[in-house]
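Residue numbers begin at 1 in each chain, while the letters A, B, ... track the order of the sequences. Note that these values count all heavy atoms, side chains included, but never hydrogens, waters or copies made by symmetry.
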There are 2 protein chains.
Amino acid sequence: MKDTSLVASSPRRIRQNNEIAALQALHRAKRLSRADLARALNLNRSSSGHIIAELTVAGLVREMEDDRSFPREHARAGRPGVMIELVPDAVLFIGIEIGVEHITTVRIGLSGAVAHSRTEPFDGPAHSAADAIRHAVKGALADLSPEDIERLEGVGISTPSQLRPDGTVHLAPLLGWKNVNLSDLARQYLPGRVPVMVENDANAFAIGAGYSGLEMAGGVTLFVVMESGVGGGIVIDGKLLRGAHGLAGEIGHMLIPTEDGAARNLEEVVGLGSILTLYRKQTGRREASLEDFLADVEDRAPEAVAIAEIWAKALGHALAQTCRIIDPDRIVLGGSVAKLLPLIASRLTAHMKNAQEPGFPLPVVLLNAEANSGSAYGAACMLHQRYLSLESNRFADEPA
Amino acid sequence: MKDTSLVASSPRRIRQNNEIAALQALHRAKRLSRADLARALNLNRSSSGHIIAELTVAGLVREMEDDRSFPREHARAGRPGVMIELVPDAVLFIGIEIGVEHITTVRIGLSGAVAHSRTEPFDGPAHSAADAIRHAVKGALADLSPEDIERLEGVGISTPSQLRPDGTVHLAPLLGWKNVNLSDLARQYLPGRVPVMVENDANAFAIGAGYSGLEMAGGVTLFVVMESGVGGGIVIDGKLLRGAHGLAGEIGHMLIPTEDGAARNLEEVVGLGSILTLYRKQTGRREASLEDFLADVEDRAPEAVAIAEIWAKALGHALAQTCRIIDPDRIVLGGSVAKLLPLIASRLTAHMKNAQEPGFPLPVVLLNAEANSGSAYGAACMLHQRYLSLESNRFADEPA
DNA sequence: GAGGATTGTAATTTCATGCAACATATTACG
DNA sequence: CGTAATATGTTGCATGAAATTACAATCCTC
C-alpha cells in the first residue's frame, strides 16, 4: 500500500506529520520547550504550541514538574521555557526473542526506556512455531493489566531465521521451522489493532544497539553480534538495511582464508564454540568458560593470547573486506565474545590495516556493552520506531 | 543545514512538495493525465489541476498535442484525459567526466534524455586539477547559447577519486590530485545560482545506470563497472549509498584467493589489463584486442575459454562475498569487460552458487548495455535527481 | 529597580487541499 | 442513431493548519 513516490500533504496530514516530527524530536532530546521545538522543526512558536497542546490532550506528552531539578545550565536571559517530555507509560511495546534455548521478553514505553525484562529457558527446536508463538505471546501478556493491554501499541518478534519480504519465515534451521507466518500466529492472541513485526535476530539486535545509544548518529553502522553464531546488521541513517532477503549484514558466513590454506566461514573461526574448543584443548581444562579465557588473555597467558590472535586476524580480515563494500562510519561489536575487543583492540586494527591497502580509511570499532541490548529489545524498538513514523496507526483509527 | 528530522510542511511548502511529487511521477511515467496524477499522488483531481496549472506557467510541463498518435490502448468509457508531459528543454543539466585519458561531456534535459554528448582526448595526469576543471567546464559551456546557460540548473563532475563527505577530493591517485575542492574550482566559471556536485566515477556510473533503465526499481542494486580498473556502487531504493568516505561498493580491491594460494585484488584478476595480458600470452598475438578475445570465447577456443573461466571464478567469488554483506536484489555489470557476461553467464552463477552455502538466495546478474551509460551521464543524472527533490533551488530563489 | 531578552498565548490572515456540482467527451448498448 | 453510463477537467466554497502580529509573563543583567 505504501507508494514509492512521496505522498505527502493534505490539510490535516500536515498536522500528523508535524506531530510525529515533534515526538521524534522529543525522543532524541529527552526534553524540549515549546520554543526549542519550534526551532528544531522550523516552525512558528505558535504552531509549536498548538501541536504540543494536541499531543497533551492525547496523553503523549506533558510538562515537566521537577523543572527545578535541572539547574538551568545555560542560564540565558529571558523567560525560561517550561520543558515538555514524553509520557513514558502512555503507550507500551513488547519485544520477544525466541531463541534456541530461551525466550526473552522486553517491555518499553514511549520514551524507549525498558520497563520490564524477563528471560526463561525454552527448548526451541522441540516446539512447533505455533506452539512457541502461543507460549511466548501469552507469556508476554500474562502479567499485563487490562489497561496495559489497552495501551499496547505493538509487538515485535525476533527469531534466528531467514525471512521473506512479506514477513513470513522462509527457513529457520536452528529451530527447524519453515514457511510459517509468525505475524499471523501472534495476532491470534492479540487485539486486532496491535501491529506485529517479525525480524531476524541479528537485524533486531542491530536496531536495538543503534537505537538508544549514542550510535544513534547518522551514517553507516555495521553491527556484529558474536555468540555461538556470528550475525550482523547494517543501519544507514537510523534505518535498517534489510536487503532482498533480510540477510544484509550477515557476515558470519563470509569465507576467510586460514593458515592451512582452506577457506572457512568466519563464524566457524571467531564464534564462541571455536574459541572455547581451542582454549580447552590448549589448556586441557575441559570445563573452561569464556570468562576463564578472557582472564587468561588479560594476564597474557601465551596460549590464550595465541587464540585471541587467531580471532583478531580472522575478524580483521572479514571486517576489512566488509569495509570495502559498505564503507561504514563505525563498526559496533556485541555479544559475549565481543568482550575480547578491549583486550586486543590494537591487534584487530593492525590486522584490518594489514588486510587493506594503505591509505584506505578504516572505521572505528566500538564495543556495545549496554545492558538493554539484545534482539528482544531491538524487536521492541522496531515498533517504537514504527509508532513514531507515518505508518503509526494513531491515524488510521480516526475515522471511527 | 539539512536537519536530520523530517521538516515538512507549512501552508506553502505543501504545494512545493506536491509539485515535486508531480514532476517525479511524470518523470517515471513519461505521460499522465491530470486524473492519473491525482490517483498517483492520492490527491483530489481539483488539486491536481491546480498543480499542473502552476507547473505549466512555470514552463516545466505541457499538454501533449499529438494525442492521437497514441491510439488509446486501453479504450475505456468516459471522457479521455489530456496527457501531460515534461518539457524536455525547460531546464538543462551538464555532466562532466574527467578521466585519465579523456573528458566526456553530456547534456540532459528535464525528461532525462541525452541532448548532446561529446568525448575528447585529454591527458589527465599532465594537468593540475584547476587546469582540468577550467578546460572541462569552459569546454562544456562553449557551445551553449546565453538562453541555454539561463536554463542551466546543475553541473555534475565525475572523477576517479576518493572524496570527503564535504565534496573535496581527498586523493585521486590516477590523476595525481590531492586535497582540492573541485566544486569551488568549477563554480568560478558558472553563474552562482548553478549547483555543482562532485562524485566518484564508479558511484556516478551506478547512479546513471540505475536512473534511466528499468533497474529504476526499488530494492538494493549493486553496479559493477569493469574496465582496466574495477569499481562499483550500491543503489538502495534509487538512492546512492556513499558510505563514510564515498567508497561503498568499491569491490575492485576485495581480496580473493587464487590458484597459487596468494590472495590478490579482484581488479588485478578480472580487469581488462589482466585479461588481455593472459590472452596475448596464450595466443602469442601481442596486439590482440578485447574484441578478439570475446570472439574466441564465443567460438569456444580452449585458451580463451580457460581465461574466461578464471574470470568467472574470481568474479563469482567476489560477488558471492558481497551478497553476504548487502544481500542485493540484483547485480548489474557494466564496462567493456562486462561483455563477457552473456557468453558465460551460467559459469558465473555456478561459481557464485559454489562460493555460497546451499539455500542462500542469489540475485540475478544483468548486463548493462545501454548507450547512455557512463559516469558523465550519471553525473548529470545526479543533478537531475536533485532538481526533482526538495533540495531544488527552484524554491530558494523565490524571496527575490 | 529599570531595561533587555525570551517564552507562551491569542487573534487574524493566508493558502492549499477536499468536497460537491457541473459541463464535456467518449464508449456501451438498445 | 440516440440515450445511458463513465470518466475527465473546471469552478466555487468550506476546512484546517501554519505564519504573522501583538501582548503578557518571567527571568537575567546592570
Aromatic ring pairing B/His384/B/Tyr211, orientation class (parallel under 30°, perpendicular over 60°, tilted between): perpendicular
Selection from D/dA17, C/dT17, D/dA19 that lies nearest to any side-chain heavy atom of B/Ile14: C/dT17
Output a table of donor-acceptor pairs, distance under 3.5 Å, between side-chain atoms of residues 54-64 of chain B and any protein atom two or more places apart or on a different chain; print 'none' if there are none.
residue : atom : partner : partner atom : Å
B/Glu54 : OE1  : B/Arg15 : NH1          : 2.6
B/Thr56 : OG1  : B/Ile52 : O            : 2.5
B/Arg62 : NE   : B/Glu85 : OE2          : 2.9
B/Arg62 : NH2  : B/Glu85 : OE2          : 3.2
B/Glu63 : OE2  : B/Arg34 : NH1          : 3.4
B/Glu63 : OE2  : B/Arg34 : NH2          : 2.9

Partners passing side chain to side chain donor-acceptor pair (under 3.5 Å) against B/Gln385 (at least two apart in sequence or in another chain): none
Residue A/Ala35, side-chain heavy atoms: nucleotide from D/dT8, C/dT17, C/dG8 that is nearest: C/dG8
All salt bridge (charged side-chain N to carboxylate O under 4.0 Å, His left out) counterparts of B/Asp184, not counting sequence neighbours: B/Arg187
Rounded interatomic separation in angstrom, taking CD1 from B/Ile51 and P from C/dC15: 16 Å
Between the protein and nucleotides 9-12 of chain C, are there any N/O to N/O pairs under 3.5 Å, and if so, what are the atom names and distances?
residue : atom : partner : partner atom : Å
C/dT9   : OP2  : A/Arg34 : NE           : 3.1

Rounded distance in Å - CG (B/Asn18) to P (C/dG18): 8 Å
Atom pair distance, as rounded to whole Å: CG in B/Asn17 and P in D/dA17: 17 Å
Nucleotide D/dA17, atom P - distance to CG of A/Leu41 in whole Å: 16 Å
Pair B/Arg386 + B/Glu153: basic N to acidic O under 4.0 Å: no
Donor-acceptor pair under 3.5 Å, B/Arg79 side chain vs C/dT26 base: no
Counterpart residues, side-chain contact (heavy atoms from CB on, under 4.5 Å), relative to B/Asp36 (two or more places apart): B/Leu32, B/Ser33, B/Arg39, B/Met83
Rounded interatomic separation in angstrom, taking CZ from B/Arg15 and P from D/dA17: 18 Å
Length of the line joining A/Glu19:CD and D/dA18:C1', which is rounded to integer Å: 13 Å
B/Ile84 CD1 - D/dG9 C1' separation (whole Å): 10 Å
Interatomic distance, A/Gln16 CD vs D/dG16 P [rounded to whole Å]: 13 Å
Those residues that, when tested against B/Asp89, pass side-chain contact (heavy atoms from CB on, under 4.5 Å) (two or more places apart): B/Val87
